[in-house]
2 protein chains.
Amino acid sequence: MGPRNLATKACLDADANVYAEACPSRAVLALVADKWTLLIMPALRQGPMRNSDLMRRIGGISQKMLTQTLRELERNGLVVRVDHNEVPPRVDYALTPLGRSLAEAIRKLDAWCEAHIDQVEMARQSFDTAIAQKV
Amino acid sequence: MGPRNLATKACLDADANVYAEACPSRAVLALVADKWTLLIMPALRQGPMRNSDLMRRIGGISQKMLTQTLRELERNGLVVRVDHNEVPPRVDYALTPLGRSLAEAIRKLDAWCEAHIDQVEMARQSFDTAIAQKV
DNA sequence: CAGGATCCAGTGGGATACTG
DNA sequence: CAGTATCCCACTGGATCCTG
């Protein structure tokens, strides 16, 4: 593949490339590059959850962001919303097969964060004190 | 592990939990939940790169965001900055061992995005047209 | 070449109040 | 319970200009 018109044709499905600005995969990347997506997706791995379940599970999320993020995930085929049409309302959110595969990849990232906090924090401290000394 | 004081002690290193708002791993998560981090980290897997290399490799990134993100990654021990003190300036950025392990996990996410654009786009189209019909 | 400094429009997301 | 609607400000990040 020559560098001929890499810039113009941006990226085809056959050679999808997130590094290319115009590649549609960037849209998916934007979806993933989101704090709440990174928490909601793996949270749903254990099975369907209700709105209130997720609110409890994910510390610090607001109702607005929960709904907004769920809608976006649903829109992109990663989550299904099941309204049981009951009173009081009962709505379940579950991963689609597509969503499940993404959730697994995301969970690994989350696990990495949990596993390496110590190293990251130590690095940050040493970096910050090094900067302080330079002044 | 009892649910006794899960809420109060938030999270210790022994049971780090990104779902807990106060858990320090959230800081690492915030680092990861970033569009440019998600592109810079895997880009560095092939070896050290210079500022201009990264600018070319990563479509759409601005000089400001590149420098800013690199600084943050360096601060957290994921990237090392090597200034060769030459004229004209020559500066290399490379992954640390810690950064490399994260970069691998991130690359898998990027690959997922590249591999599933089609499915995501189809889902989005069908979702959007379904919404339109309801009106 | 690498990147600091500024300006500033746009937006993300919390708080709050209301509804079926 | 599961949302919707609104207000509104802090911060994000692009554009532009400048420097060693």
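Values below: all heavy atoms of this structure, side chains included; hydrogens, waters and symmetry mates excluded. If you're wondering where the values come from, they're calculated on a predicted model, not measured in any experiment.
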**Q.** Close residues, residues 26-45 of chain A, relative to DNA chain C [heavy-atom separation under 4.0 Å]
**A.** A:Trp36
Q: Kindly write out the residues that satisfy ring-ring contact (aromatic ring centres under 6.0 Å, His included) with A:Trp112, not counting sequence neighbours, or none if the list is empty.
A: A:His116
Q: Give a yes or no on whether A:Met55 atom CE has more than 12 heavy-atom contacts from other residues, nucleotides or ligands under 6.0 Å away.
A: yes
Q: Without swapping roles, check the side chain of B:Arg45 against the backbone of B:Pro42 for a donor-acceptor pair under 3.5 Å.
A: yes
Q. Given atom CD1 of B:Ile61 and atom C1' of D:dA15, what is their separation to the nearest angstrom?
A. 15 Å
Q) Does any N or O in the side chain of B:Arg26 come within less than 3.5 Å of the main-chain N or O of B:Tyr19, such that one atom is a donor and the other an acceptor? A) yes
Q.
Would you compute the distance between atom CZ of B:Arg81 and atom CG of B:Leu70 and round it to the nearest 0.5 angstrom?
A. 9.5 Å
(Q) Here's a test for you: under salt bridge (Lys or Arg N to Asp or Glu O under 4.0 Å), which of A:Arg50, A:Arg56, A:Arg57 qualifies with A:Asp53? (A) A:Arg56
(Q) Nearest whole Å is fine: how far is D:dG3 C1' from A:Glu74 CD? (A) 13 Å
Q. Quick check: does any side chain N or O of B:Glu114 sit under 3.5 Å from a backbone N or O of A:Val18, one acting as donor and the other as acceptor?
A. yes
Q.
For A:Leu66, is there any backbone N or O sitting under 3.5 Å from a side-chain donor or acceptor partner on A:Thr69?
A. no
(Q) Output the rounded distance in Å from CE (A:Met49) to P (D:dC1). (A) 14 Å
Q.
Using whole Å, what does the distance between atom C1' of nucleotide C:dT16 and atom CE of A:Met65 come to?
A. 17 Å
Q) Quick one: A:Gln68 CD to D:dG3 C1', roughly how many Å, whole number? A) 13 Å
Q: Examine the side chains of B:Thr67 and B:Gln63 and answer whether a donor and an acceptor come within less than 3.5 Å of each other.
A: yes
Nucleotide N/O of nucleotides 2-5 of chain C paired with protein N/O under 3.5 Å:
unit_1: C:dA2; atom_1: OP1; unit_2: B:Arg50; atom_2: NE; d: 2.8
unit_1: C:dA2; atom_1: OP1; unit_2: B:Arg50; atom_2: NH2; d: 3.3
unit_1: C:dA2; atom_1: OP2; unit_2: B:Ser52; atom_2: N; d: 2.9
unit_1: C:dA2; atom_1: OP2; unit_2: B:Ser52; atom_2: OG; d: 2.7
unit_1: C:dG3; atom_1: OP1; unit_2: B:Arg81; atom_2: NE; d: 2.9
unit_1: C:dG3; atom_1: OP1; unit_2: B:Arg81; atom_2: NH2; d: 2.5
unit_1: C:dG3; atom_1: OP1; unit_2: B:Tyr93; atom_2: OH; d: 3.0
unit_1: C:dG3; atom_1: OP2; unit_2: B:Asn51; atom_2: ND2; d: 3.0
unit_1: C:dG3; atom_1: OP2; unit_2: B:Tyr93; atom_2: OH; d: 2.8
unit_1: C:dG4; atom_1: OP1; unit_2: B:Arg71; atom_2: NH2; d: 3.2

Q | Below 4.0 Å: OP1/OP2 of D:dG13 and any side-chain N or O of B:Ser62 | A | no
Q) Whole-Å distance between D:dG13 C1' and B:Met55 CE? A) 13 Å
Q: Nearest whole angstrom, please: distance from the C1' of C:dG13 to the CD1 of A:Ile58.
A: 15 Å
Q: Provide, to the nearest angstrom, the distance between the CD atom belonging to A:Glu86 and the C1' atom belonging to D:dG3.
A: 16 Å
